[in-house]
Amino acid sequence: MNEYFQRAIPLLNKIEQNGYEAVFVGGSVRDYLLNRVIHDVDIATSATPEEIKAIFPKTVDVGIEHGTVMVLAFGESYEITTYRAESEYVDHRKPKEVKFIRSLHDDLQRRDFTMNAIAMNKNGELIDPFHGQQAIKNHLIETVGNANERFQEDALRMMRALRFVSQLSFTCAPKTLEALIFNKELLATISVERITSEFGKLLDGSNVQEALRLLVETDLLAYLPELDGKRDGMLQLAGYPINKLKSEDEKWALAMHCTDTLENVEKTLRKWRLSVKRIRTIRTIMKLVKELPEQPNLKWLLYQNGLEYVVSANHVLSVLGYDAVMEDEALLEQWQSLTIHSPSDLVVKGSDFVVWAEGRKSGPWISEALTVISEKVINGEIKNNKEQIFEEAKRCNLI
Ligand code: ATP
Ligand code: MG
């Protein structure tokens, strides 16, 4: 057993000493069986959240409505979820009520895919009533029980299926694939945040190209924000070696480059409910993907946008097959050689210009003047020296 599981065994013992069951479940067991890296372990128990809280002095209610309590014990923190059944669903998404139960079998039955419905006890014995190990062996994504019913209960599972195609390089079992196509419209009932989270993981998976093709083939694409009608762009995206990119934001920028315009991309990403900060990053990378091949003044571009974004745009261009791509190192050297890195590095300030202009009222002209001067300093036309800047400002009628 892997060290993450080993470390949690005292916790399982403690729960069992109190008369309840506790097992490892879900993604961590699946990834362990696949020899993939595990970051945390999921624990399920027959004890109710209240019973868990009575056993451990330090707990945090992280998801009490789903029966999840975080326990701080044995030098670690663990999320422990009570066995539950979700029988009735409203609007194909939220279970009407979460029912805590004492049966592990029934808890495994409510899980999405057979590979995610395997439990492991503290002795390393597997409890696998739905033959998840067989599915893992065959690299198959198959729902627990009837695929149509399971997708109708919670349509997000369809996006999860595709993100597992991307992350694990598995294929969908025939009935699961059929049900994906049959139920695709139900994706419209799912909150955008949940879809975005799965789509981000899909973009970041090693088999992303295949997952994107499947997104088009099943036409789930039509139910993703602003992607209806973007089949060609998506297939074009699926043709690029996306996983050579270094971050999820670079991948989003490439995806938007293939499916959207620079003018529209902010609106699109707002529909995906990405944060303002991420939207700015993705849009800037996308803008630089257009500008970098056309802009002869690399130093000025670096100064205006910062090293990080130019490097990211350069990665995207490389994936697009642009042949004049620079090495990251060369960009870093160019950046380091800049005489100034921001307007605050100039020896003059806006207030100097007001004085030089003999009291002209402050306004946008000041930042415009600073930009002109910055560019001249970056290009080496003048030095970052007060007298030279004053002379140049006069000569160019900036003051
Ligand atoms: P990851 O490695 O990305 O965390 P995961 O399989 O652990 O993948 P989680 O979202 O952490 O995914 O969910 C944990 C477990 O909860 C899953 O393995 C699965 O058993 C169950 N699960 C998660 N989402 C659903 C869902 N929408 N329907 C049914 N079961 C689900
Ligand atoms: Mg998980």
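Just so you know, ligand 1 is whichever comes first in the structure, and atom 1 is the first atom listed for that ligand. Both backbone and side-chain heavy atoms feed into the values below; hydrogens, waters and symmetry mates do not.
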Pairwise distance CD1(I55) to OH(Y20) - rounded to 0.5 angstrom
5.5 Å
Starting at CG of L186, measure out to CG of L156 and round the result to the nearest 0.5 Å.
12.0 Å
Please determine which of T48, V71, I64 meets the side-chain contact (heavy atoms from CB on, under 4.5 Å) test together with K53.
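Testing each of T48, V71, I64 against K53, the sole residue satisfying side-chain contact (heavy atoms from CB on, under 4.5 Å) is I64.
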If you measure from each non-hydrogen atom of [X] to ligand 1, which part falls under 4.0 Å: side chain, backbone, both or neither?
{"X": "R163", "answer": "side chain"}
{"X": "F151", "answer": "neither"}
{"X": "N116", "answer": "both"}

When you compare the side chains of [X] and [Y], does any donor N or O come within less than 3.5 Å of an acceptor on the partner?
{"X": "T68", "Y": "E79", "answer": "no"}
{"X": "T339", "Y": "N384", "answer": "no"}
{"X": "E142", "Y": "T176", "answer": "no"}

Compute the minimum heavy-atom distance from [X] to ligand 1 and say whether it is under 4.0 Å.
{"X": "F113", "answer": "no"}
{"X": "H39", "answer": "no"}
{"X": "E153", "answer": "no"}
{"X": "D154", "answer": "yes"}

Contact summary for K184 and D219, nearest pair of heavy atoms
NZ-OD2, 3.4 Å
Does any N or O atom in D112 lie less than 3.5 angstrom from one in ligand 1, N or O only?
yes
What I want to know is whether Q167 and ligand 1 share at least one N or O pair that is separated by under 3.5 angstrom.
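It does not: no N or O of Q167 is found under 3.5 Å from an N or O of ligand 1.
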So, H139 versus F164, ring centres under 6.0 angstrom or not?
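Ring centres of F164 and H139 not closer than 6.0 Å.
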Are D154 and R194 within salt-bridge range, i.e. N to O under 4.0 Å?
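Judged by the 4.0 Å cut-off on N to carboxylate O distance, D154 and R194 do form a salt bridge.
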Below 4.0 angstrom from a heavy atom of [X], which ligand 1 atoms are there? Numbered from 1 as shown, please.
{"X": "R30", "result": "2 (O), 5 (P), 6 (O), 8 (O)"}
{"X": "G27", "result": "5 (P), 6 (O), 7 (O), 18 (O)"}
{"X": "F164", "result": "6 (O)"}
{"X": "G26", "result": "18 (O)"}

Return the option from E79, K201, R157 holding the heavy atom at the smallest distance from atom 28 (N) of ligand 1.
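Shortest heavy-atom distance from atom 28 (N) of ligand 1: R157.
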For atom 13 (O) of ligand 1, state which one of R194, R160, E198 supplies the nearest heavy atom.
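The residue whose heavy atom sits nearest atom 13 (O) of ligand 1 is R160.
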F56 vs L72, test: side chain to side chain contact (heavy atoms under 4.5 Å, CB included). Steps then yes/no.
CA-CA 8 Å; F56 297 98; L72 307 162; over 6 Å; no
